[in-house]
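The block underneath contains the structure these notes are about, expressed in structure tokens.
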Number of protein chains: 2
Amino acid sequence: MMVFLHGRFIPETEAAISIFDRSFMYGDGLFETIRVRGGKFFRWEPHFDRLNRGADFLSIRMPFTSPELARFAGELVAINGSTEAVLRIQMSRGPGVRGYSPVGADRPVLVMSLHPLPELPRTPAQSRLITSVLRVSAADPLLSFKTCSKLHHVLARAEAHRSGADDALLLNTSGELAEATGSNLFWITGGTPHTTPLASGALPGVTRAVLIELCSKSGTPVREKTGSVELLRRSEAVFLSLSSSGLVEVTELDRKPLMRSPVVKELYHDYLSTVMRETV
Amino acid sequence: MMVFLHGRFIPETEAAISIFDRSFMYGDGLFETIRVRGGKFFRWEPHFDRLNRGADFLSIRMPFTSPELARFAGELVAINGSTEAVLRIQMSRGPGVRGYSPVGADRPVLVMSLHPLPELPRTPAQSRLITSVLRVSAADPLLSFKTCSKLHHVLARAEAHRSGADDALLLNTSGELAEATGSNLFWITGGTPHTTPLASGALPGVTRAVLIELCSKSGTPVREKTGSVELLRRSEAVFLSLSSSGLVEVTELDRKPLMRSPVVKELYHDYLSTVMRETV
């Protein structure tokens with residue numbers, strides 16, 4: 001597999017990062033993952049935008065414009081012949097000195113790699129969740145970006161695997177629903193789709209925005225709602241949104257089955273159609 | 001400068017980390033910094049212990065015993081002739097797959113590097129603090145370790161530099177004093193030294209423990225106290241503890257001078273004597 005590093009295409013085995021890279025030392029970086037279908041990127045712009053806003057917030061100089069990076073990403077897909085994949089973009093502040101201070105670290109590193117992924121299935125994938133003991137802080141401004149300081153998310157995911165689940169639900173420190181480790185949370189009550197507000201500690205997910213768009217078009221707009229785990233138990237359906245799989249149906253929460261609704265499948269079909277249409 | 005990587009001593013320019021290293025991708029690792037004086041390590045054991053406890057918590061296999069790692073660290077000091085330095089140890093979960101799940105990443109990477117540092121000065125160094133807008137969550141179990149997901153600390157430090165200060169004071173989400181970005185917080189009121197309890201979101205610092213030990217011996221034991229910024233303003237002195245500099249006097253908080261006490265200098269002298277005695 002070829003990867004993109006320092007403006008060049010090189011074999012992944014030759015791609016190397018300094019031991020003094022700030023993202024290696026302190027998680028001082030950002031990443032994005034974008035679905036590639038038929039060799040095209042689904043919703044490139046909002047992903048790049050979030051990366052760019054994150055770089056601004058972290059004061060890391062973005063080394064490429066969106067069209068420049070998209071062109072390199074396209075070349076990477078072509079070189080690897082990976083038409084069904086996930087593109088991972090990582091930007092680090094680059095090599096720096098020991099200590100938290102980022103002063104002097106001004107050679108950002110941008111890496112892109114492709115990760116094989118099967119085509120989107122005909123029906124939504126399913127996931128069993130557990131509620132993590134780890135909490136996010138709703139006021140944390142970094143939750144707006146995909147930063148490389150994600151150890152909480154890593155440990156919550158490991159916690160899920162240990163208990164035989166697929167993913168972990170993260171609450172905020174007030175006990176309100178925030179998100180799952182790599183996806184946004186949705187549920188349906190009274191026929192209306194709901195999701196957590198960003199203020200509860202949710203990432204402004206690109207697929208979250210797609211689903212909000214689709215629900216709005218179909219006449220059942222998504223409502224943002226602060227909620228607790230109990231709310232999910234009473235819901236007609238619970239699902240997750242994420243760039244790699246689109247929409248994932250949650251079948252179990254903390255080992256107890258959740259209700260399911262045909263609405264989830266319908267919404268997934270709308271999502272599939274959108275992906276197909278935009279990646280022709 | 002030679003560094004230690006994968007059990008070998010190599011030039012730092014040849015030391016390289018995979019772009020799929022988990023610490024690079026997600027801050028999935030741990031680090032420690034240890035003062036080297038006269039070629040000896042000051043308080044090796046508690047540093048190794050914290051690293052080891054962190055590895056346990058993260059389920060990363062610790063590849064070396066304490067004596068093994070200390071021997072390698074000693075060789076590194078000898079090879080580089082760096083008798084006054086800071087040793088940085090970093091352990092990453094190693095290369096893994098894309099996504100938060102650590103499953104399959106079972107080749108941990110351990111790096112050691114030396115960073116030149118002047119000898120400890122005769123009187124404590126000084127620092128001007130600002131109160132960061134970023135908060136820590138007191139209940140966060142990861143605050144007990146030096147993890148590689150430290151972007152909050154990086155940004156708080158950058159915030160301090162931007163406003164002309166040296167370091168940032170971190171409060172927890174309840175507005176209580178937690179720590180500074182790379183050090184523990186102490187203050188003196190009524191002649192009694194105080195520090196924040198770990199439950200407020202403070203790292204169990206090795207130098208924090210040394211100062212607690214020294215104060216206890218000198219008959220003025222440190223009291224743990226939950227406090228606010230206002231408390232520091234009314235204190236007779238404020239200081240920080242950290243492995244590289246020992247004890248640092250805080251002269252300003254949010255651009256206003258703080259009171260200062262000769263007790264800080266006396267405590268620093270006790271600290272210096274301890275370092276000298278234990279690194280002969």
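Just so it is clear, the structure is predicted and the values come from calculations on it, not from any experiment. The chains referred to below are lettered A, B, ... by the order of the sequence lines, with proteins before strands, and numbering in each begins at 1.
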[X] versus chain A, the contacting section by heavy-atom distance below 4.5 Å:
X	result
B/T181	both
B/T13	neither
B/A139	neither
B/D21	side chain
B/R88	side chain
B/I19	both
B/V86	side chain

Where does the angle between the aromatic ring planes of A/F20 and B/H115 fall among parallel (under 30°), tilted (30 to 60°) and perpendicular (over 60°)?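 Judged by the thresholds at 30° and 60°, the geometry between A/F20 and B/H115 is perpendicular.
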Return the orientation label for the A/Y100 and B/H153 ring planes: parallel under 30°, perpendicular over 60°, tilted otherwise.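 Geometry flag for B/H153 against A/Y100: tilted rings.
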With respect to chain B, which residue among A/S23, A/G27, A/A156 yields the maximal number of heavy-atom pairs within a distance under 4.5 Å?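 Highest number of heavy-atom pairs under 4.5 Å: A/S23.
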Identify which of A/L142, A/L58, A/V136, A/V111 forms the greatest number of heavy-atom pairs closer than 4.5 Å to chain B.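 It is A/L142.
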Which portion of A/V3 sits near chain B, non-hydrogen atoms under 4.5 angstrom: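 Side chain of A/V3 only, per the 4.5 Å heavy-atom cut-off to chain B.
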For chain A, find which of B/S92, B/S18, B/A15 contributes the most heavy-atom pairs closer than 4.5 angstrom.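 The option with the most such pairs is B/A15.
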Among the options B/L5, B/L134, B/D140, pick out the one with the most heavy-atom pairs lying under 4.5 Å from chain A.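 If we count pairs closer than 4.5 Å to chain A, B/D140 comes out on top.
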Would you indicate whether the side-chain heavy atoms of A/R93 and B/V154 approach each other to under 4.5 Å?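 Heavy-atom side-chain distance check passes, below 4.5 Å.
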As an exercise, state the distance from CZ of A/F145 to CG of A/D56, rounded to the nearest 0.5 Å.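 The distance works out to 8.5 Å.
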Please enumerate all residues that pass side-chain contact (heavy atoms from CB on, under 4.5 Å) together with A/H161, with sequence neighbours excluded.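 Testing A/H161 for side-chain contact (heavy atoms from CB on, under 4.5 Å), a comparison that skips the adjacent residues, returns A/R157, B/S101, B/V103.
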Taking only residues two or more places apart in sequence or in another chain, which ones pass side chain to side chain donor-acceptor pair (under 3.5 Å) with A/S174?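 Result, side chain to side chain donor-acceptor pair (under 3.5 Å) vs A/S174: none returned.
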How about A/R107: does its CZ atom have over 12 heavy atoms from other parts shown lying under 6.0 Å from it?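 Incorrect, the count does not exceed 12.
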If we ignore hydrogens and angles and just use 3.5 Å, is the side chain of B/E159 paired with the main-chain N or O of B/A168 as donor and acceptor?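 Side chain of B/E159 to backbone of B/A168, a donor-acceptor pair under 3.5 Å: no, none is there.
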